[in-house]
Novice: 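Got a structure for you, written out below as structure tokens; questions coming shortly.
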Amino acid sequence: MERYDPKPIEAKWQRVWEDERTFNVPTEPGPDVQHHYQLEMLPYPSGVLHMGHVLNYTLGDVITWFRRRNGWVVLRPMGYDSFGLPAENAAIAAGGHPREIVERNIETIRSQMKKLGWAIDWERELSTHDPAFYRWTQWLFLRFFEAGLAYRKEAPVNWCPNDRTVLADSQVIDGHCERCGALVEAKSLEQWFFKITAYADELLEYDLPPGGSWPERTKTIQRNFIGRSEGAEILFRVEELDQDIPVFTTRPDTLFGATFFVLAPEHPLVAKLVAGTPHEEETLAYVRKTAAAGADERAQADREKTGVETGRFATNPVNGERIPIWVADYVLMEYGTGAIMAVPGHDDRDREFAEKFGLPIRLVIDEDERLVNSDRFDGQPAADAKRAIVEWLGEQGRGASAVSFRLRDWSWSRQRYWGCPIPIVYCDDCGVVPVPDDQLPVLLPDIDDYKPKGTAPLATATDWVRTPCPRCGREGRREVDTMDTFVDSAWYFLRYVDPHDETAPFQREHVDHWLPVTEYIGGIDHATGHLLYSRFFVKVLNELGLVGFREPFGRVFHQGWVQMGGSKMSKSKGNVAGPDALVAEHGADAVRLYILFMGPADQDMEWTDSGLEGMSRFVRRLWRTVNEVADRPVESGGKANDQSPLRKKAHETIARVTDDIDRRFQFNTPIAAVMELVNEINRDGHDPASRFAAETAVSLIQPYAPHLAAELWERLGHERVWQEPWPEADQALLERDTFELVVQVNGKVRDRFDVSASLSEDELVARATASPKVQAQLNGKQIRKTIVVPRKLVNIVAS
RNA sequence: GCGGGUGUGGCGGAACUGGCAGACGCGCCGGGUUUAGGACCCGGUGGGCUCAGGCCCUUGGAGGUUCAAGUCCUCUCACCCGCACCA
């Protein structure tokens, strides 16, 4: 028998799949066909594939093969998230135009993917930097713009001084740039936003299709990020200026405990409050100082509180009390109304401030959670008082229930070159004018110097910038910011359905057929970014009548990190291992098997080369075992209905593997189960069931090791294993006629022996007590109780 | 601080609804085969005692529920992740 050599075998079958278009599915598969949309997050071609990708896509691949063999039509596309900072920074580091770098990386990734034998419909491949794709990104932006959901405003934004661009909240990690690690600064700039806050409440609901589920962890991260708080908005009055200032509070029950009032330094009324007063100079100096401090510095919750008194007073609507107004940077303009009523008796931050500045502290709720010092509300439970006080304020026209969110609108314009151009023209007469649909795409021009400089590099493409206003025809200027890559990835999964349509981003009937995505696999690091933005996009597209569903992804799964040397793979740590050398040495099948065998797919795992060698040994053992069986005459295979232990073992393995993949979504244990079966075949190669067992092992391992399985199946005298229906376990053969009875005395195992499965409970107890080992333990003791677990054990309680 | 998660042999892990803890693999030990190494094959491998038949201990730690706990409950420790001056 020849040695197992994966290279020619894998090349052979990859060619067959490509020639026969095995993985291509029709966009309209016809009615009554069970369909499954299998998607994994598309790679950034800022580099090439590493083992984390191998895990992600192999996982999706096993599901794809498994579903196909169970009779489903599976759409399984692939593409490249090729615009954006990661790719652009890679290009700057490597020296070269981003397009060249990205397209070179795409070539490499495609060939890596093909070598791994992933069942991808290559006719649907897309790249987000391709004008044929981004034309529709622009088209979708225009629909958002028309709906008033894309708008420009000047706002404090996160500014990365190194990448010289604005970042979204989700791209700021611990006050640092997600991409380069630089300390992020606060800057006030006019930027493009999507009105995601209008969907805050809806994003808290998961309107999933049947079979859909999201990890609790992910939903929690999104819930925290959205940060919904219920409370009340209450008007405080500044008598001298005849001005109401609203505050948001979650604790209206503590209103009688408000002893001072605080405005954020950026609050628009600060200047007016102090104008012409002795406090003006000091207050404005404080505001300037705060503005100069970094966002990171200000976010330090544990730093000492600062603030200045304005000399003005606000009137508490509930008791007419005049309390001093302060300005302090622990109050944030972005949250609530930018102003708070300070209740130092019941809020740690307010107490800290009051203690530092000698302000009064008043308790208004006692240990029994009842109101005190609160006039006519005294004695009420705090929960009731919340409602009662808001109701009273409502009657006076001084307050109402309100909900506040932590979520802010999604800032997505970037002062960078490598991104989708925003199809907008600025005209001195007409203002902000959208580029008409029939002039799309607005092509990204080639420029000489695309490196970040703080202003958009596209501004240097003067011929491109200067353009007639689409409305009046006089000279206008193109928008020179570009879109963040998250805009591209917020809808790419829709384009896969109609990737070549030149008339629309997608056809509604097609996306309605395939989506929501049945199974979506990717890193949890996208919980507050891509996964939230995509949900927002789909909700808007649904309301615009472009899609018939309200959630993009049915079932979401996060693979763990593949680590090396105890830390997550990253280019900066230099511990990125790619699949190429491993595939060359051990074959794709061994690599695929090992990456899933390492442990539960949703847990982090440590890559070891010795583990892969072990898997390589298993693959060779399987090769040898099956070849030996194949070489023997078929007649030795025995009758189909024989009851040999090996045949039963094979059926048990079918049941285990199927249940693990289908119901338990567990991918490491099926491999162990097949290993057990192969070990069992090897124990007696001449067992009459060995041919059936070998066929079963090959069939079950096929989603993991499709090349090897195809080859071995052929050697067993059959044709195409991937076209075989998934094997079914024979229930009759899963029933054992004997089982090993475990006998416990007082909960400790004392004996075990085979018994007939037909014995009654009394007979089992009789057999158990008759055991000499049990007798030795009982020795003079009285049996108090016996417990029988059918087909498992007998526990004798004695004392 | 708030929210979520994870702790099982030397290592990765298995044990699904409470019912034999350690499947499967790595590593290691012994043997076979081989000119040698590798590969391959067979056997062993949680710890401790041992009159060699067994006995005791063991799932981060301490309690509890139960005939029975890795699994359920209470407390606690360690590590990881998300949010964090969010009123």
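Residue numbers begin at 1 in each chain, while the letters A, B, ... track the order of the sequences.
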Novice: Whether the side chain of R663(A) and the base of rC16(B) hold a donor-acceptor pair under 3.5 Å is what I'd like checked.
Specialist: yes
Novice: Taking CZ from R621(A) and C1' from rC42(B), how many angstroms apart are they, rounded to a whole number?
Specialist: 13 Å
Novice: Take atom CG of N795(A) and atom P of rC20(B), then tell me their distance rounded to the nearest Å.
Specialist: 11 Å
Novice: Students often mix this up, so state it plainly: with edges at 30° and 60°, are the rings of F665(A) and F667(A) parallel, tilted or perpendicular?
Specialist: perpendicular
Novice: What orientation do F261(A) and F236(A) show, parallel under 30°, tilted 30 to 60°, or perpendicular over 60°?
Specialist: tilted
Novice: RNA chain B: G614(A) or G599(A), which has the more 5' nearest nucleotide?
Specialist: G599(A)
Novice: What distance, rounded to whole Å, do you find between the two P atoms, one in rC16(B) and one in rA21(B)?
Specialist: 13 Å
Novice: Identify which nucleotide among rC85(B), rA87(B), rC24(B) has an atom closest to any side-chain atom of I340(A), counting heavy atoms from C-beta outward.
Specialist: rA87(B)
Novice: R620(A) side chain N/O closer than 4.0 Å to the phosphate oxygens (OP1, OP2) of rC40(B)?
Specialist: yes
Novice: Would one find a side-chain N or O of R656(A) under 4.0 angstrom from OP1 or OP2 of rA23(B)?
Specialist: no
Novice: Given rC67(B), rC56(B), rA21(B), which nucleotide is nearest the side-chain atoms of R750(A)?
Specialist: rC56(B)
Novice: Roughly how many Å is it from CD in E676(A) to C1' in rG25(B), rounded to a whole number?
Specialist: 11 Å
Novice: When Watson-Crick pairs (N1 to N3 and N6-O4 or O6-N4) and G-U wobble pairs (N1-O2 and O6-N3) count only below 3.5 Å on both distances, what is the dot-bracket string of RNA chain B, with | for other-strand pairs?
Specialist: (((((((..(((......[....)))((((((.......))))))((((....))))..(((((..]....))))))))))))....
Novice: Between Y206(A) and Q222(A), is there a side-chain donor-acceptor contact under 3.5 Å, judged purely by atom types and distance?
Specialist: yes
Novice: Of the listed nucleotides (rC40(B), rC24(B), rG19(B)), which one gets closest to any side-chain atom of M675(A)?
Specialist: rC24(B)
Novice: Tell me whether the count of non-hydrogen atoms from other residues, nucleotides or ligands lying under 6.0 Å of NZ in K7(A) goes above 12.
Specialist: no
Novice: Where does the angle between the aromatic ring planes of F357(A) and W326(A) fall among parallel (under 30°), tilted (30 to 60°) and perpendicular (over 60°)?
Specialist: tilted
Novice: Quick check for you: among rG19(B), rC16(B), rG3(B), whose closest atom lies nearest to any side-chain atom of N224(A)?
Specialist: rG3(B)
Novice: Rounded to the nearest Å, what distance is computed from the CG atom of residue N746(A) to the P atom of nucleotide rC55(B)?
Specialist: 13 Å
Novice: With a 4.0 Å cut-off on heavy atoms, is G227(A) in touch with a base, just the backbone sugar-phosphate, or nothing at all?
Specialist: nothing
Novice: Report which part of the nucleic acid R784(A) touches: base, sugar-phosphate, or nothing (heavy-atom distance under 4.0 Å, all strands).
Specialist: nothing
Novice: Only one of L764(A), V774(A), V749(A), T769(A) forms a side chain to side chain contact (heavy atoms under 4.5 Å, CB included) with V743(A), so which one is it?
Specialist: V774(A)
Novice: Round to a whole Å and report the spacing from CD of E334(A) to C1' of rA84(B).
Specialist: 14 Å
Novice: Between rC42(B) and rU58(B), how far is it from one C1' atom to the other, in whole Å?
Specialist: 30 Å
Novice: Look at the side-chain N and O atoms of R3(A) and state whether any lies under 4.0 Å from the OP1 or OP2 oxygen of rA39(B).
Specialist: no
Novice: Looking only at side chains, do D329(A) and T290(A) share a donor and an acceptor under 3.5 Å apart?
Specialist: no
Novice: Checking one value: the base orientation of rG9(B), syn if chi is within 90 degrees of 0, otherwise anti.
Specialist: syn
Novice: Hey, which sits more toward the 5' end of RNA chain B by its nearest nucleotide, M615(A) or S229(A)?
Specialist: M615(A)
Novice: Between rG47(B) and rC11(B), how far is it from one P atom to the other, in whole Å?
Specialist: 12 Å
Novice: Any cation-pi pair here, K305(A) with F353(A), using under 6.0 Å and within 45°?
Specialist: no
Novice: So which nucleotide from rC20(B), rA15(B), rA87(B) ends up closest to the side chain of L332(A)?
Specialist: rA87(B)
Novice: Applying a 4.0 Å non-hydrogen cut-off, can you work out what R217(A) is touching in the nucleic acid: base, sugar-phosphate, or nothing?
Specialist: sugar-phosphate
Novice: Examine rC26(B): is either OP1 or OP2 under 4.0 Å from a nitrogen or oxygen in the side chain of R617(A)? Give yes or no.
Specialist: yes
Novice: Using OP1 and OP2 only, check whether a side-chain N or O of N679(A) sits under 4.0 Å from rG25(B).
Specialist: yes
Novice: For nucleotides rG53(B) and rC75(B), find the distance between their P atoms and express it as a whole number of Å.
Specialist: 49 Å
Novice: Using a heavy-atom cut-off of under 4.0 Å over every strand shown, decide if N668(A) touches base, sugar-phosphate, or nothing.
Specialist: sugar-phosphate
Novice: Q744(A) near the nucleic acid: base, sugar-phosphate alone, or nothing, with a heavy-atom cut-off under 4.0 Å?
Specialist: base
Novice: Tell me whether the side-chain N/O atoms of S610(A) come closer than 4.0 Å to OP1 or OP2 in rC11(B).
Specialist: no
Novice: With a 4.0 Å limit, can you tell me whether K792(A) has a side-chain N or O closer than that to the phosphate oxygens OP1/OP2 of rG18(B)?
Specialist: no
Novice: Could you work out the separation of rG46(B) and rG27(B) based on their C1' atoms and round it to a whole Å?
Specialist: 15 Å
Novice: Please work out if I221(A) contacts a base, only the sugar-phosphate, or nothing of the nucleic acid, heavy-atom cut-off 4.0 Å.
Specialist: sugar-phosphate
Novice: Check every atom of rG4(B), rG25(B), rC67(B) against the side chain of T220(A) and return the nucleotide holding the closest atom.
Specialist: rG4(B)
Novice: Take atom CG of D662(A) and atom P of rC16(B), then tell me their distance rounded to the nearest Å.
Specialist: 19 Å
Novice: In whole Å, measure the gap between the P atoms of rG32(B) and rU8(B) for me.
Specialist: 38 Å
Novice: Could you state the atom-to-atom distance from CD1 of I595(A) to P of rC26(B) in whole Å?
Specialist: 17 Å
Novice: Honestly, is R535(A) close enough over W214(A), meaning NZ or CZ under 6.0 Å from the six-membered ring centre and within 45° of the axis?
Specialist: yes
Novice: Is the phosphate of rA23(B), meaning OP1 or OP2, less than 4.0 Å from a side-chain N or O of Q666(A)?
Specialist: no
Novice: When you get a sec, tell me which of rG25(B), rC85(B), rA87(B) is the closest nucleotide to the side chain of K305(A)?
Specialist: rC85(B)
Novice: Is there a side-chain polar atom (N or O) of K748(A) under 4.0 Å from OP1 or OP2 of rA68(B)?
Specialist: no
Novice: Counting only heavy atoms from other residues, nucleotides and ligands, does the tally under 6.0 Å from CG of D348(A) exceed 12?
Specialist: no
Novice: Taking atom C1' in both rG22(B) and rG30(B), compute the distance separating them and give it to the nearest angstrom.
Specialist: 22 Å
Novice: Rounded to whole angstrom, note down the P distance from rC55(B) over to rU65(B).
Specialist: 27 Å
Novice: What is the separation between atom CD on E740(A) and atom P on rC20(B), rounded to the nearest whole Å?
Specialist: 11 Å
Novice: Are any of R752(A)'s side-chain N or O atoms less than 4.0 Å away from OP1 or OP2 of rG19(B)?
Specialist: no
Novice: Assess, by modelled atom type and distance only, whether the side chains of T669(A) and Q666(A) contain a donor and an acceptor separated by less than 3.5 Å.
Specialist: yes
